[in-house]
Amino acid sequence: MPQGILHTPNETVFHLKKPPRTMSMKTKQYFAFIFSFCILVYLLLYFYVLPSEVLVDEQYGRDLDENLLNQKKGLEESVITQECSLVTENCYVVVDRKVETELGQMVERHMFVKGFEDESDTIVRLIPQGDRTFEFSDTRMWKIDHLSIRAQYIAALISAPFIVSALSLVDSDNDGKAILEIGLGGGSLDMFLHSLNPKLNITAVELDPTVVSMAQKWFNVVNDGTRRTIIADGLEFVKRAERSQEKYDVVFLDACDSSKSIPCPSKLFRMPEMYSSFSSIVKTTGALVVNILSQEEDGPEVDQVCLSKLIPHLSNLQIIEDLSQHFGSCLKVSITDEVNVIAICTKQAITDSTSNTDFLRRRANAVTMRLGLQDVLKTIKMN
Ligand SMILES: *[C@@H]1O[C@H](CO)[C@@H](O)[C@H](O)[C@H]1NC(C)=O
C-alpha cells in the first residue's frame with residue numbers, strides 16, 4: 001500500500017513543529033568550519049591567484065601594495081587577458097606595453113592571436129593618468145585614446161575614403177553618411193571615425209563573438225545610436241545588404257583568415273561574385289576600401305600570367321586588378337613600415353593622368369594632416 005496516504009493527524013502536527021531556536025553544538029561547529037573555510041579560500045585567492053594573474057589598483061591616487069608593484073618592476077608589458085574563441089579556435093591575447101615616445105612614457109594596448117605575437121591585430125594608445133607610470137598603476141583602468149592610431153595600415157584605411165572624397169574633410173558634410181566595416185578586430189578604425197564625427201552612421205560586422213566582447217571590454221568599442229556591432233558572417237551580411245538594396249558611402253573590408261600566403265582579404269571574399277556584391281552596396285559617390293596582406297611578391301607580369309593558369313597565384317596587383325573589374329577604378333596605396341597594401345575602389349573612374357595623380361598625392365597629405373595621422377603615416381605611395 002502506498003505510504004503517503006497513511007499520514008495520521010499526529011504526524012502532520014509533528015512536521016509543522018517549529019525547529020528549536022538554539023543550534024546544537026554540532027551545527028555551530030559546522031558553520032564555524034564553513035566560515036573559516038571561506039575566509040581561507042578568499043585569502044588564498046587574494047594573495048596567491050589574483051596577484052599572479054592581474055594587478056589590483058582600485059583607485060588612482062591611492063598607494064599601491066608594494067608586493068604588487070614589485071611584480072611589475074622591470075617589466076615591459078603585462079598580460080591583461082587571454083580568451084579563446086569557440087568559433088574560430090583562435091586564442092586572443094590582450095597586453096599593455098610600455099613605450100617611450102617623444103611625449104614621454106606611454107602605454108599601448110595590443111591584441112593579437114596567440115602564436116602571432118609579432119603581428120598585433122590592434123594597437124591603441126591609452127590616455128595617461130596624471131603622472132602615473134606603467135609600473136605604478138594598473139593600466140587596465142586607463143581609458144583608450146581612440147584618436148591616436150598606432151598601426152600604419154589602419155591610418156591608411158581611415159584616410160582612404162577622404163582621399164577619394166567619399167568622405168569630406170568638412171565634418172558636417174559627413175553627418176549621417178553610412179559606413180560599413182567588415183571585420184572589427186579591436187575596433188580602432190571605426191572608433192576613430194566615431195570619435196571624429198559621432199554623426200557618421202557606422203555598422204561593424206564581426207564573425208567572432210569573442211572578438212566582439214574583447215573589443216567592448218578592453219578597447220572601449222561602444223554600441224550607441226550611430227555605431228553598432230553586429231555579430232554575423234560578413235559574407236552573408238554583404239549578400240543580404242545587396243538583396244535589400246542597401247547602399248553605403250564607405251565599405252571597409254578588413255577580414256582576414258589564417259592563410260600563410262594571402263591572409264587578407266580572407267579567401268572567401270576574393271571571389272568575383274563577392275566583388276560584384278560589394279560594388280552593388282557602394283553608392284555612386286562611395287568607396288570600397290580593402291586591406292590586402294599578401295606574402296606573394298608582385299612578380300614580373302609574365303610569371304603571373306603563366307602561373308595563374310596552373311595554380312591560384314595572386315599578388316596584391318592581381319587582387320586590385322580583379323577588384324577594378326567591378327568598379328570604375330581602384331587605387332593602390334602602399335605604406336612604409338608594414339607590408340599591407342590598401343586598395344581604394346570607386347564607382348567613378350579616376351584618371352591616372354599626371355595632374356590627377358599629383359592632385360591625389362596633395363589630397364592625401366591634406367587628409368593625413370587634417371586627421372592628425374601625419375606622424376604615423378609619414379609617407380604613403382599611390383599608384
Ligand atoms: C543608420 O544605419 C542603420 C543600419 O544601416 C539604419 O537602420 C539607420 O536608419 C541609419 N540611421 C540614419 C540616421 O541614417
Side-chain angles (χ1 to χ4, degrees), residues 87 122 144 146-147 154 157-217 219-256 265-266 268-269 273-291 323 326-327 342-348 367 371:
V87 176
T122 301
I144 309 285
H146 286 299
L147 288 173
I154 294 285
L157 286 171
I158 292 170
S159 306
F162 292 93
I163 294 173
V164 296
S165 303
L167 291 179
S168 166
L169 284 179
V170 180
D171 266 344
S172 57
D173 290 351
N174 296 327
D175 292 357
K177 282 199 176 165
I179 315 263
L180 175 64
E181 180 191 31
I182 307 291
L184 173 72
S188 57
L189 189 165
D190 66 275
M191 285 307 295
F192 177 97
L193 291 173
H194 187 57
S195 311
L196 190 74
N197 181 356
K199 288 184 180 164
L200 284 169
N201 192 3
I202 304 176
T203 305
V205 178
E206 169 60 51
L207 178 67
D208 193 340
T210 308
V211 170
V212 172
S213 74
M214 288 178 104
Q216 286 170 347
K217 190 156 183 207
F219 293 88
N220 194 25
V221 167
V222 298
N223 277 318
D224 59 25
T226 55
R227 195 225 160 269
R228 62 207 69 84
T229 307
I230 293 173
I231 300 175
D233 181 342
L235 221 63
E236 295 301 321
F237 188 94
V238 170
K239 284 186 198 152
R240 188 203 51 75
E242 183 187 17
R243 281 196 300 275
S244 51
Q245 297 184 355
E246 277 169 31
K247 303 278 178 197
Y248 293 88
D249 292 280
V250 185
V251 177
F252 291 104
L253 174 57
D254 186 13
C256 307
S266 165
L268 296 169
F269 287 101
E273 66 263 34
M274 279 318 293
Y275 291 159
S276 151
S277 300
F278 275 112
S279 178
S280 49
I281 64 166
V282 170
K283 285 184 191 168
T284 329
T285 53
L288 169 70
V289 182
V290 186
N291 172 30
L323 278 164
H326 303 271
F327 285 84
I342 308 302
I344 319 175
C345 299
T346 54
K347 294 305 230 3
Q348 278 139 1
V367 166
L371 299 178

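All residue numbers refer to positions in the sequence shown, counting from 1. Since we're looking at a predicted model, the values are computed, not measured. Counting convention: from 1, in listed order, for ligands and their atoms alike.
Checking each of L200, T229, I179, L184 against D190 for a side-chain contact (heavy atoms from CB on, under 4.5 Å) leaves exactly one that passes, namely L184. A side-chain hydrogen bond (donor to acceptor under 3.5 Å, both in side chains) with N197 is found for exactly one of N174, D175, T226, D171, namely D175.
With values rounded to the nearest 0.5 angstrom, F269 atom CZ is found 5.0 Å from F278 atom CZ. Put simply, CD on E206 and CD1 on I182 are 10.0 Å apart, with the number rounded to the nearest 0.5 Å.
Closer than 4.0 Å to atom 11 (N) of ligand 1 lies at least one heavy atom of the protein.
Of the listed options K199, R228, R227, R228 places a heavy atom closest to atom 4 (C) of ligand 1.
In terms of polar-atom proximity, N201 is counted as a contact of ligand 1, with an N or O under 3.5 Å from an N or O of the ligand.
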